[in-house]
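Below: one structure, written as structure tokens.
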Amino acid sequence: MKLSDKIAAYNLPHPFYTFEFFPPRTDQGFENLIPRISRLSTLNPLAISVTWGAGGSTRDRSIDLVGLTQADYGIDTVLHLTCTNMLPGMVDDALRAAKVRGIQNILALRGDPPRGTEHWAPVDSQFTCGVDLVRYIRSSPEFSSQFCIGVAAYPEGHPDHETDEDSGLDVLKEKVDAGADFIVTQLFYDADRFLKWVDRVREKGITVPIIPGIMPIQTYSSFLRLIKLCGVKVPPSIMAALEPICHDDKLVKDYGVGLAVDIIQNITSTGKIKGIHLCTLNLEKSVQLVIEKLQWAGGSPEMKNKLIAASLDAPGRMIHAQLSSSSDLVIDPTTAANTAANALTFKQTLDPDPGRGEVNNAATWDDFPNGRFGDYKSPAFGAQDQWGGTGFSVRNLYGTPSTDEVFGWGPRGGYVFQKGFVEFFVEEHVLERIEEKIAAEGRGWVHYFAGNLQGECRSNVPDDGRNAVTWGMFPGQEIAQTTIIERESFLTWKDEAFTIWAEWASCYPPGSEETELLDAVRKKRRAFDATALNVNQHTMSLPVLNIPINYDDELEKIQTFLSSYVGTNKEWDEDFADIALSDDEDDSQDTSRKSLKYMQQLQRIANREQQMLTIDLEDVHQHEKTVAELVSRIRNNTRRYITLFSEAVDKLMPPPTKDISEHDEVIDVILHQRRERNEQTEGSQEGFPDHLLRRYNLYFQPLRSDVALAVRDVKGAYLGRLITVRGIVTRVSEVKPLLLVNAYTCDVCGSETFQQISSKTFAPITDCQNEQECKKNGIHGSLHMQTRACRFSPFQEVKIQEMADQVPVGHIPRSMTIHVHGNLTRQMNPGDVVHLGGIFLPIPYTGFQAIRAGLLTDTYLEAHHIHQLKKQYSEMEMTPQIQAQIAEMQADPSLYNKLAQNIAPEIYGHTDVKKALLLLLVGGVTKTMGDGMKIRGDLNMCLMGDPGVAKSQLLKYISKIAPRGVYTTGKGSSGVGLTAAVMRDPVTDEMVLEGGALVLADNGICCIDEFDKMEETDRTAIHEVMEQQTISISKAGISTTLNARTSILAAANPLYGRYNPKVSPVENINLPAALLSRFDLLFLILDKPTREDDERLAQHVTHVHMFNSHPELEYDAVDPILMRHYIAQARQRRPTVPPDVSSYIVDSYVRLRKLSKDDAAQKKSHTYTSARTLLGVLRLAQALARLRFADFVQRDDVDEALRLMECSKESLHDDEDKEFEPDRSVVSQIFRLIKSMSNEGGRKRRKRQKRIGRGPGGEREMDVDSDEDEDDGEELPLIDVRSRVLGAGYTEAQLNDTIAEYEAIDVWTRVANGAKLRFIQD
């Protein structure tokens, strides 16, 4: 009967329920599943469903199972049908087979990817998703009326697609519109969220029945794996309830039943849900308990009498035509006979019967989680898919508590046992040697199986022999055997193992060397060339290889080096300040040690003044006079030599020379008490282990000559070696404590026990190690961990990525995991370009990752040395030589012009743009008000112009010269890519923030190219950054504010690609006023053809291409490193605005507002003048004052800021406008500059002196100018003129030419021996 009809006719007081089963892997499991289904059918489910393997891998078993349940036993069955990897024609064959067996219900699915593949890919082009299968069935005349079709839904999103809820609902609506009759949902554990999803479904107009999928939790490990694969979100309350009982399988199972009952009651009590779908995993106990606790068992649907017809397909009979639409009233003779016979059979199986040859109850004999193989007779055999690889090894266990975190299983209070076994692939000739060895020395204790791809199997175990590998003993229960190795289970595993080789080979191109190699492993010509082997109770050893290194001699060499190495003169200078000026004899004795580099550091470590001990390999090289001996061995076996150096340091550690009691920790107090007790007991206990007494972290610094490798160049040959890797930091985790020494306290004798931890996992100690009391008296389980006495080390995980210049064409950047310990933490931030020296090491996957990874192993770099390639301004090291050069530059009056010309000298022209970029690097002064409000000092600048004016090259140069510069493009950046994105942490699985380009550029410059090509929604994401310099995030439950103290340098093209002079500037720019006002400078650079400029540009470009360098500059080139140091010193200044300059800025701002209004009236304005423009003028003026190392802003700084703003739009002036402009020759410009100085009053006038006395008219007081003041407006000191003219970017020769030319025509004359310039008045 169709499920939709049964749901419509269902009238019992409680909701209906269905059960789901999967086809077992083995024949024995298949036979045992049938009676299990018959027992569960006594609970009167509305129907059962049978799954379908990916690509039809379980086709025959699925068809056989539905044939038994539907045709032979009369249970209405739903057949799952997928289109995953289905070859053309397979769907039709499956549908016909189902129709022949009387199946009337199909659950149409896309399906999971086949085993060994990561992603789903269609084979038959007409089936790419589940809705295609629904449409195909409904469009087929052969199957359309035969089947009731169900589809799947995902209340929490599809695990393979990151789509929002609305998109998922649209897909579901499409399935229903295509002809689906009911919906079965993915499993979930949040009932409230599910009910909200149901309401959204109904709002979409979907009215078909919704059947929620419920799966009771069987074991903690399978639960974690399941929610990971299905992408299910689990409420924190459930995880909090499971964690305390995760090692007790019985309590987990009981909790899972109770949780399923609560979820079912919550969703059915609302009336929105009429039935549920229970996933059994072919186990019956949990499902049975759920139904019993719901008190739904015992009811029976209404049974109708049916008419037995000779043939339902016989033509010409009216009764058949009348009853054809009511299939529940007509039944064929065969089905009627089978139903009656099996009804009697079911009555005989109501009482649970023992399993085949098993001592446990039939319903629960395989209820424990399956072990490595499980019992192949179990219907649930292989359901957990626990190995996921082709090789395996297990150690011996004898009486391990069932609560053990690593090996425990089953209820609390029991003990588990395990035989050691190993699996691997082996060639034929090696197999023969192993068999000979087992026959000669195995003494009957070693059992093995060996098989090949062709199905041949050889073994020393009888055909009916069974070998229990894991078993458990629990209170009040019979012995449970969870892993049994026998021929049937081995052959099942063997077939899957060889399948993995084929899937691995499919990852490479056909006919490649890799494919041929992997295929050869699977199928050699000889019968056993590629053989899977399983050996129990047997270990194999490799011969010992003696190496010509005596580590005792190495230890002596290391001690000699540490105790006798003398530092360089530079290191002496750095340490000289540490020598105390005292008359004590101890100081005089220690003076000799001051020259010993490492002995001095050991003294500081003993005094608790230093924790980081770095061994520089250059020092070892200098001491040994060669790199072929000790240095080479350190580089090739670094981990071992860390231990050797630590032992040498322990022996050489001097006693402290000052009181260190204030630095004592809990462990120090415990050690002191232990020493006193040892003295009282005459030293009966052993000394303390060295790792407890160490208060330092030892690192190696690589040689300076080491070449920094790219991430992709780090191969397996570097494992265990000290290498240097170059990259950019992309992710930095929080600093967390890493356990080094675990401390325990005994409840009986009170002694402390310490355990050194050297791996990611460890087994806690439970028995006290006190030989005198607890061990002697046989006391067990008395130890308890004491966190306060444990030793922890700071730990940080960092991700680095290849630089852009290291990535080959067509590849994507590779990344590497870095583990940072101790004092090296917190030294890297995202965006840093670093050279990392460290040890390249493998690390096995643990937990759920190990199940999926199989034989794969992860790698990481244990950091020992960090070298920042681009240091922050505040971290630059100043040397006396650089200090002298900076002082010399500071005295240069033409410094402003010189530094500007040294920005991107290969690019011709753009003098004013380069000056603005120089001020962008220097920046203004960031102010913080008393109430916490901040006014940004960083400058924002936009370069907008025609193509080919070198905008992108300027951006690239600035991003490289700035200590922290990030370059990105508008089209390649999204809003979250620029600000911050919420990501799921791969380690903790928590939602974390991933900083974007603006966060990476914090305290630096973010260069955004192709700014005009950004989407408007993405461009608005940077509005807050450009003014408030913060990023506010409120998404995925994370509400925070990130710092983005960055300058924005953007480059864009006008609206039409090139500037169109026929439309207004506003239309050409095409940027909103809110964004334009945030730019302090907006340069409009037009490419106008002029013979003189074009000729100079062509000469400049050809010179660069001919000589691979820029033409000679008017000034000497400034080294970029020196420029960075100068800018770093300039940024430390905080110039203020004096009152007279403040009033001048106010007048200038008012004038700018008036000009802006006039330009707007004439439709010539290209930007919006607002209060932000005033702030921009202040920032530019402060940057100019910083550049002079001045503490006050001058009028000249304000004039230059206003000039840059005027120059930014000078390209807009048409040629007609220029005809009415004054002469723009250099001589005329210098004259107007000097004339403006005269109008301002030359030198600053002194205040008028008040003379006391009577004036001519009897005034008591009168302001009288001195004679000296009368001439001040007429004369200008040439030193001021020279400073002003050179500061404006003109040369000394141009100034002299101007003075001589205007002196010749009697405009001015030089007086005071050429020290002053006097204007000649008419």
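Only this structure's heavy atoms are used, side chains among them; waters, hydrogens and symmetry mates stay out. Keep in mind it's a predicted model, so treat the numbers as computed, not measured.
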Got a sec: does the CD of Gln953 have more than 12 other heavy atoms crowding it under 6.0 Å? no
Side-chain (Thr724) to main-chain (Asp706) donor-acceptor, under 3.5 angstrom: no
Electrostatic pair Asp912:Arg1203 at N-O distance under 4.0 angstrom
yes
Those residues at least two apart in sequence (or on a different chain) that pass side chain to side chain donor-acceptor pair (under 3.5 Å) with Ser952 are Asp1009
One should read off an interatomic distance between Leu1049 CG and Cys942 SG, to the nearest 0.5 angstrom, of 8.5 Å
Checklist entry - Does Arg1133 use its side chain to pair, donor to acceptor, with the backbone of Gln1182 at less than 3.5 Å? => result no
Got more than 12 heavy atoms from elsewhere within 6.0 Å of CD1, Ile1279? no
Looking only at heavy atoms, the pair that brings Asp938 and Arg1179 closest together is O-CD, 3.9 Å
Does Arg1188 come within less than 4.0 Å of Asp1196, counting only side-chain N to carboxylate O? no
Original post:
Is Ser1283 reaching over with its side chain to a backbone N or O of Asp1280, donor-acceptor style, under 3.5 angstrom?
Top reply: no
side-chain contact (heavy atoms from CB on, under 4.5 Å) filter on Asp805, not counting sequence neighbours, yields Arg726, Met803
- Query: Which is it for Gln885 and Tyr1126 under the side-chain hydrogen bond (donor to acceptor under 3.5 Å, both in side chains) test, yes or no, and what are the steps along the way?
  - Reply: CA-CA 9 Å; Gln885 291 176 332; Tyr1126 188 90; over 6 Å; no
- Task: Using atom types as modelled and distance alone, determine if a side-chain donor or acceptor of Gln796 lies under 3.5 Å from a backbone N or O of Val820.
- Result: no
The reported gap from CG in Leu920 to OG in Ser1047 (rounded to nearest 0.5 angstrom) is 5.0 Å
* Asked: Can you find a heavy atom in the side chain of Ile1145 that is under 4.5 Å from one in the side chain of Leu1174?
  -> yes
- Query: So, do Leu1180 and Leu1081 sit near enough that their side-chain heavy atoms are less than 4.5 Å apart?
  - Reply: yes
**Prompt:** Below 4.0 angstrom, N of the basic side chain to O of the carboxylate: do Asp1191 and Arg1186 qualify?
**Reply:** no
Is there a side-chain contact between Met941 and Leu917 (heavy atoms, below 4.5 Å)? yes
Residues Pro813 and Gln801: closest non-hydrogen pair is CB-CG, 3.6 Å
Walk me through it: do Ile818 and Leu836 pass the test side-chain contact (heavy atoms from CB on, under 4.5 Å)? CA-CA 9 Å; Ile818 312 295; Leu836 293 174; 3.8 Å; yes
Result for side chain to side chain contact (heavy atoms under 4.5 Å, CB included) between Ile903 and one of Val913, Ile958, Thr911 points to Ile958
| Do Gln1294 side-chain atoms and Thr1291 backbone N/O form a donor-acceptor pair below 3.5 Å? | yes
* Asked: Any side-chain heavy atom of Leu1286 within less than 4.5 Å of one from Tyr896?
  -> no
When rounded to the nearest 0.5 Å, the distance separating CG of Leu899 from CD1 of Ile1127 is 7.0 Å
Residue set satisfying salt bridge (charged side-chain N to carboxylate O under 4.0 Å, His left out) with Glu618, at least two apart, ordered chain then number -> none
ask   = Is there a side-chain contact between Asp1199 and Arg1284 (heavy atoms, below 4.5 Å)?
value = yes
The reported gap from SG in Cys1207 to CG in Leu1202 (rounded to nearest 0.5 angstrom) is 11.0 Å
Go through the steps for His1125 and Ile1121 under the test side-chain contact (heavy atoms from CB on, under 4.5 Å), then give the verdict.
-> CA-CA 6 Å; His1125 280 280; Ile1121 297 178; 3.7 Å; yes
Quiz item: Is Gln827 reaching over with its side chain to a backbone N or O of Asn823, donor-acceptor style, under 3.5 angstrom?
Solution: yes
Side chains of Leu1178 and Val1137 in contact at under 4.5 Å (non-hydrogen atoms) | yes
Note: Tyr967 and Leu955 closest approach over all heavy atoms is CE1-CB, 4.0 Å
Residues Ala1201 and Ala1181: closest non-hydrogen pair is CB-N, 4.1 Å
Treating Ser815 as the side-chain partner and Lys799 as the backbone partner, does any N or O pair qualify as donor plus acceptor under 3.5 Å? no
Taken to the nearest 0.5 Å, the spacing of Ile800 CD1 from Asp832 CG works out to 12.0 Å
Show me the donor-acceptor pairs, under 3.5 Å and distance only, between side chains in residues 922-930 and residues at least two apart or in other chains.
residue	atom	partner	partner atom	Å
Thr926	OG1	Gly937	N	3.1

Next on the checklist: Go through it in stages, so that I can follow the logic: the residues are Arg936 and Arg1045, the test is side-chain contact (heavy atoms from CB on, under 4.5 Å), and I'd like the CA-CA distance, side-chain angles, deciding distance and then a yes or no.
Outcome noted: CA-CA 8 Å; Arg936 68 175 170 93; Arg1045 296 157 295 189; over 6 Å; no
On a heavy-atom basis, the closest approach of Phe1083 and Leu1204 is CZ-O, 4.2 Å
Taking every heavy atom of Arg1131 against every heavy atom of Leu921, the minimum-distance pair comes out as NH1-O, 3.0 Å
Show your working on side-chain contact (heavy atoms from CB on, under 4.5 Å) between Arg1172 and Phe1079 and close with a plain yes or no.
CA-CA 9 Å; Arg1172 285 176 175 161; Phe1079 283 111; over 6 Å; no
Residues at least two apart in sequence or cross-chain that pass side chain to side chain donor-acceptor pair (under 3.5 Å) with Lys915, listed by chain then number, are none
Rounding to 0.5 Å, atoms CG (Leu939) and CG (Leu1175) come to a distance of 11.0 Å
So the side-chain hydrogen bond (donor to acceptor under 3.5 Å, both in side chains) pairs with at least one residue in residues 939-951 (sequence neighbours excluded) are Lys951-Asn1053
Practice problem: Please find out if less than 6.0 Å separates the ring center of Tyr1144 from that of Tyr1149. | Solution: no
- [ ] For residues Tyr1290 and Leu1295, determine if any side-chain heavy atom of one lies less than 4.5 Å from a side-chain heavy atom of the other.
- [x] no
Fill in: Close side-chain approach of His835 to Val725, heavy-atom, < 4.5 Å
no
